[in-house]
Amino acid sequence: FASERSAGTELTFFGRRYTVSELKEDSFRDRGFSFALFSAGGSISAKYAPLAAESGAIVIDNSSQWRMDADVPLVVPEVNPQALNRIPKGIVANPNCSTIQAVVPLKVLDDAFKIKRIVYSTYQAVSGAGQKGYRDLEDGLCGAQPKKFPHPIANNCIPHIDVFLDNGNTKEEQKMIDETRKILSRPDLRISATCVRVPVYHGHSESINVEFEHAFDLKDVYRLLEDAEGIVVRDDPEHNVYPMPIDAAGTDLVYVGRIRRDTSVENGLNFWCVADNIRKGAALNAVQIMELLIKGENK
């Protein structure tokens, strides 16, 4: 389903052709859908996700509309699959792209050493702003003025993603703070975030600084991350091996490297985290949620 403008478009999926229909209030009624994947913005999800859920479908929503609703689980399958045991509204929220990749390694470390504080610094690709963001970089490299971003993104970095809030954070930064707390079930966890748009097409990069309650051995950190589901450790500075968005683009995993102690605080750790923001940061995570629910139905 899509807008009236897209109605009639044909899509091919696994060799079968499908005709796009206009999304209406009765689109899900008596259709027998088991799942509905929503990725059409908050206002569409606010109106139509409850209608889909009322029809019997489990909605997996990729917008920010339902993420902080206490009755809607916010899920990253490698991190908190148990949250899917309770879906009172029939809606599951897919987290923000920058949050998803961060909490995959953070959950492993929190379980082992208990996180005391997190400082996020993100370097986010233009595809996170949709087609218009992508075009701003593409056209900007040819000298065109920006249409999506407030400043040129070509050959530039913009420390401004989404709107500014009264507390000085941008909405993107506040999302990372609030969503991390909810996913990790740590409502009082101290978190600071600075989110920056950079001239990269695909792949978000994040510098993550963590302070733990407990002492740790770097060998244990490496072992835990290397053994964790969905994580690839690329960390060999002597041979210039570390995660980069150019390598993560088009893949489904979360890459971690530049792992080292932060000696400025007790029990401090720095690491670098990269993932494809469209794959693991959005579409893949939603499909993984659906796969978990299907497996649960088959038990």
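Positions are given from 1 along the sequence. What's counted below: heavy atoms across the whole structure, side chains too, no hydrogens, waters or symmetry copies.
- With values rounded to the nearest 0.5 angstrom, Ile100 atom CD1 is found 10.0 Å from Asn277 atom CG.
- Residues Phe1 and Phe28 bring their aromatic ring centres within 6.0 Å.
- Side-chain polar atoms of Asp247 and Tyr255 form no donor-acceptor pair below 3.5 angstrom.
- Side-chain contact between Pro95 and Ile183 is present, with heavy atoms from C-beta onward closer than 4.5 Å.
- In this structure the side chain of Ile191 never reaches within 4.5 angstrom of the side chain of Met176, judged on heavy atoms.
- Ring orientation note: the planes of His160 and Phe164 are tilted relative to one another, at an angle of 30° to 60°.
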Applying side chain to side chain donor-acceptor pair (under 3.5 Å) to Thr180 and Tyr120, what does each step give before you reach the verdict? CA-CA 11 Å; Thr180 299; Tyr120 288 128; 3.0 Å; yes
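- Remark: Glu4 CD is loosely packed, at most 12 non-hydrogen atoms of other residues, nucleotides or ligands lying under 6.0 Å away.
- Ionic pairing of Arg29 and Glu54 is not present here: no N-O contact between side-chain nitrogen and carboxylate oxygen is shorter than 4.0 angstrom.
- The CZ atom of Phe38 lies 10.0 Å from the CH2 atom of Trp66; values are rounded to the nearest 0.5 Å.
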Output, in order, the C-alpha distance, side-chain angles, deciding distance and verdict of salt bridge (charged side-chain N to carboxylate O under 4.0 Å, His left out) for Asp136 and Lys132. CA-CA 6 Å; Asp136 258 17; Lys132 293 180 179 178; over 6 Å; no
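- Electrostatic pairing of Lys107 and Glu78 does not count as a salt bridge here, judged by no charged N lying under 4.0 Å from a carboxylate O.
- In this structure, Glu10 places its CD atom where more than 12 heavy-atom neighbours from other residues, nucleotides or ligands lie under 6.0 Å away.
- For the side chain to side chain contact (heavy atoms under 4.5 Å, CB included) test with Val75, the passing option among Ile87, Ile60, Leu84 is Leu84; the others fail.
- Looking at Gln288, Gln101, Glu179, Lys280 one by one, the single match for side chain to side chain contact (heavy atoms under 4.5 Å, CB included) with Val76 turns out to be Lys280.
- A salt bridge links Asp71 with Arg86: the closest approach of a Lys/Arg side-chain nitrogen to an acidic carboxylate oxygen falls below 4.0 angstrom.
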Give the intermediate values and the outcome of side chain to side chain donor-acceptor pair (under 3.5 Å) for residues Thr122 and Gln124. CA-CA 6 Å; Thr122 74; Gln124 296 181 218; 2.7 Å; yes
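- Contact annotation: the side chain of Pro199 never approaches that of Asn155 to less than 4.5 Å [non-hydrogen atoms, C-beta and beyond].
- Checked for salt-bridge contact, Asp162 and Lys175 meet the test: a charged N lies under 4.0 Å from a carboxylate O.
- Between the side chains of Asn167 and Gln174, a donor-acceptor pair is found at a separation under 3.5 Å.
- At a threshold of 4.5 Å between non-hydrogen side-chain atoms, the residues Pro77 and Asn285 count as touching.
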